[in-house]
Amino acid sequence: MTTTLTPPEARAGKGAEPPTASTRRRDLLRRLGPFGFLSPTLVLLIILMVTPIVMVIGYSLMDRVITAPESNFVGFENYGEVLTDPVFMVAVRNTVFFAGASVIAHFVIGMGFALMLNSPMLGHRTKAIFRTVYILPWLFTIAIVAVLWRMLLSPNGIVNYLTETFGLSSGTVEWLSDPSLALPAVTFINIWSGYPFFMVSLLAGLQGISKDLYEAALIDRAGPVKQFFHVTIPQLKPIIISMALLDFIWTTQQFALIWMTTGGGPINRTEMLSTYTYKLAFATYDFSVASAAAVIVLVLSMILAYLYVRHQKARD
């Protein structure tokens with residue numbers, strides 16, 4: 001006598017009944033459950049982010065918004081006015097120089113201090129002291145940094161006193177008012193206040209590199225320089241790229257430091273995209289053109305953010 005065995009799936013499916021309305025409702029509620037937990041955050045994002053962005057995009061396509069009872073649709077006319085404005089191009093050049101120089105200097109200074117703090121030549125107590133000192137600029141708010149350096153770089157400040165005492169200058173230097181010195185001065189201030197971000201991140205990366213790699217490099221008779229370029233930098237490359245993109249995005253959005261030190265002057269020598277847009281809105285009250293400038297800045301920022309996200313996905 002031959003017995004045919006029925007697979008469990010066939011036996012289960014044979015007697016299965018079609019899902020009822022209550023079962024389908026439970027499945028739907030189970031799928032929508034996570035969105036219910038996310039709904040407060042999604043509502044806040046829509047109210048605080050999506051709605052203002054949509055409003056600004058709408059303003060950029062209109063004329064005489066906010067300041068006039070009626071406004072007319074003008075299309076991309078405001079964008080053309082921004083892109084053909086010589087001050088806008090000056091702001092773009094200043095922003096690129098300000099952000100690019102800051103990122104490069106942040107990396108160089110941060111890497112130097114991170115290597116020193118990771119060196120076995122320093123004791124634990126010495127490292128703790130240096131870490132406290134080096135991270136201090138990061139603890140100050142931008143307002144404090146701006147006020148502090150305005151005092152230091154004032155005509156009667158300590159910087160001019162030291163340069164005159166050591167014979168580095170023959171007279172009082174207007175660091176923040178001289179057209180040839182204002183942009184390098186505010187860039188230096190931003191470098192001073194931002195390098196701890198790189199230092200802390202690179203120090204964490206250095207401590208995560210396996211010592212076996214350096215021991216293998218020593219066996220291959222690689223000196224400290226070759227170890228740095230063939231072991232340290234390749235291991236830190238993902239961190240370096242991520243930090244550089246983040247720092248560049250943050251620096252291009254810098255407003256408070258510029259506004260509280262030079263206000264974009266003298267004669268637009270420190271004008272940034274952020275201060276340029278602010279002046280259009282609240283100095284000339286041309287909110288339509290200011291909205292167009294803000295949308296252009298938003299698009300540039302989104303491009304940088306896309307590059308960052310793409311790098312993060314490739315890294316994962």
Side-chain angles (χ1 to χ4, degrees), residues 90-117 130-203 240 243-276 278-279 304:
V90 171
V92 171
R93 289 196 298 268
N94 292 340
T95 303
V96 171
F97 173 83
F98 179 72
S102 296
V103 171
I104 294 173
H106 286 164
F107 167 70
V108 174
I109 298 173
M111 176 63 79
F113 287 159
L115 289 172
M116 186 186 73
L117 294 175
F130 279 129
R131 285 178 184 176
T132 304
V133 173
Y134 290 153
I135 207 172
L136 279 177
W138 210 20
L139 302 179
F140 299 142
T141 63
I142 292 298
I144 294 176
V145 171
V147 173
L148 174 65
W149 279 99
R150 282 189 63 180
M151 295 173 62
L152 293 175
L153 297 176
S154 66
N156 299 322
I158 187 65
V159 174
N160 275 323
Y161 172 78
L162 293 176
T163 55
E164 291 181 15
T165 301
F166 292 100
L168 300 177
S169 64
S170 57
T172 301
V173 179
E174 298 282 350
W175 297 97
L176 297 176
S177 301
D178 191 329
S180 62
L181 296 175
L183 183 57
V186 295
T187 304
F188 173 81
I189 297 173
N190 188 69
I191 292 170
W192 177 84
S193 64
Y195 78 83
F197 167 67
F198 267 76
M199 183 191 72
V200 172
S201 302
L202 291 174
L203 179 59
I240 294 172
M243 290 191 305
L245 288 173
L246 276 177
D247 194 25
F248 193 86
I249 294 172
W250 292 341
T251 308
T252 55
Q253 308 300 318
Q254 182 65 264
F255 171 78
L257 177 63
I258 304 299
W259 190 254
M260 297 184 69
T261 51
T262 62
I267 55 175
N268 300 326
R269 290 302 178 94
T270 60
E271 193 76 270
M272 305 292 166
L273 289 174
S274 56
T275 57
Y276 172 78
Y278 180 85
K279 289 179 180 179
L304 294 174

[atom1]/[X] to [atom2]/[Y] distance, rounded to the nearest 0.5 angstrom?
{"X": "I109", "Y": "S102", "atom1": "CD1", "atom2": "OG", "answer": "10.0 Å"}
{"X": "I144", "Y": "S193", "atom1": "CD1", "atom2": "OG", "answer": "12.0 Å"}
{"X": "L162", "Y": "L152", "atom1": "CG", "atom2": "CG", "answer": "9.5 Å"}
{"X": "F107", "Y": "M243", "atom1": "CZ", "atom2": "CE", "answer": "7.5 Å"}
{"X": "L148", "Y": "I189", "atom1": "CG", "atom2": "CD1", "answer": "9.0 Å"}

Where [X] and [Y] come nearest, the two heavy atoms and their spacing:
{"X": "A182", "Y": "G265", "answer": "CB-O, 4.3 Å"}
{"X": "Y276", "Y": "A91", "answer": "CB-CB, 4.1 Å"}
{"X": "T251", "Y": "A99", "answer": "CG2-CA, 3.5 Å"}
{"X": "A105", "Y": "I191", "answer": "CB-CD1, 3.4 Å"}
{"X": "G100", "Y": "F248", "answer": "N-CE1, 3.9 Å"}

Among residues two or more places apart or on two chains, list those pairs meeting side chain to side chain donor-acceptor pair (under 3.5 Å) that have a residue in [range].
{"range": "residues 104-116", "value": "H106-D247"}
{"range": "residues 260-271", "value": "T262-T270, E271-T275, E271-K279"}
{"range": "residues 145-163", "value": "N160-W175, T163-S169"}

For [X], enumerate each residue passing the side chain to side chain contact (heavy atoms under 4.5 Å, CB included) test, keeping only those at least two apart in sequence or located in another chain.
{"X": "I249", "answer": "L304"}
{"X": "W250", "answer": "F197, L246"}
{"X": "M260", "answer": "A143, A146, V147"}
{"X": "T132", "answer": "none"}

Q | L183 and M272: CA distance, side-chain angles, deciding distance, side chain to side chain contact (heavy atoms under 4.5 Å, CB included) verdict | A | CA-CA 10 Å; L183 183 57; M272 305 292 166; 3.6 Å; yes
Q: Could you give me the CA-CA distance, side-chain angles and deciding distance for L117 and M199, then say whether side chain to side chain contact (heavy atoms under 4.5 Å, CB included) is met?
A: CA-CA 9 Å; L117 294 175; M199 183 191 72; 4.0 Å; yes
Q) Residues in ring-ring contact (aromatic ring centres under 6.0 Å, His included) with Y134, at least two apart? A)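 Applying ring-ring contact (aromatic ring centres under 6.0 Å, His included) to Y134 gives F113, F130.
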**Q.** Residues in ring-ring contact (aromatic ring centres under 6.0 Å, His included) contact with F98, at least two apart in sequence or another chain
**A.**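 For F98, no residue satisfies ring-ring contact (aromatic ring centres under 6.0 Å, His included) once neighbours in sequence are set aside.
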Q. Can you name the side-chain hydrogen bond (donor to acceptor under 3.5 Å, both in side chains) partners of Y195, sequence neighbours left out?
A.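 side-chain hydrogen bond (donor to acceptor under 3.5 Å, both in side chains) check on Y195 returns nothing, list empty.
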(Q) Using the side-chain hydrogen bond (donor to acceptor under 3.5 Å, both in side chains) criterion, which residues pair with T95? Sequence neighbours excluded. (A)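 Result, side-chain hydrogen bond (donor to acceptor under 3.5 Å, both in side chains) vs T95: none returned.
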Q | Heavy-atom side-chain proximity of V200 to I135 below 4.5 angstrom | A |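 Side-chain contact under 4.5 Å: yes.
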**Q.** Test item: R131 and L203 side chains (from C-beta on) under 4.5 Å apart, heavy atoms
**A.**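 Touching, per the 4.5 Å side-chain cut-off.
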Q | Trace of the side chain to side chain contact (heavy atoms under 4.5 Å, CB included) decision for Q253 with L273 | A | CA-CA 8 Å; Q253 308 300 318; L273 289 174; over 6 Å; no
**Q.** Of all pairs that satisfy salt bridge (Lys or Arg N to Asp or Glu O under 4.0 Å), the ones with a partner from residues 161-180, not counting sequence neighbours
**A.**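 Output for this query is empty, none listed.
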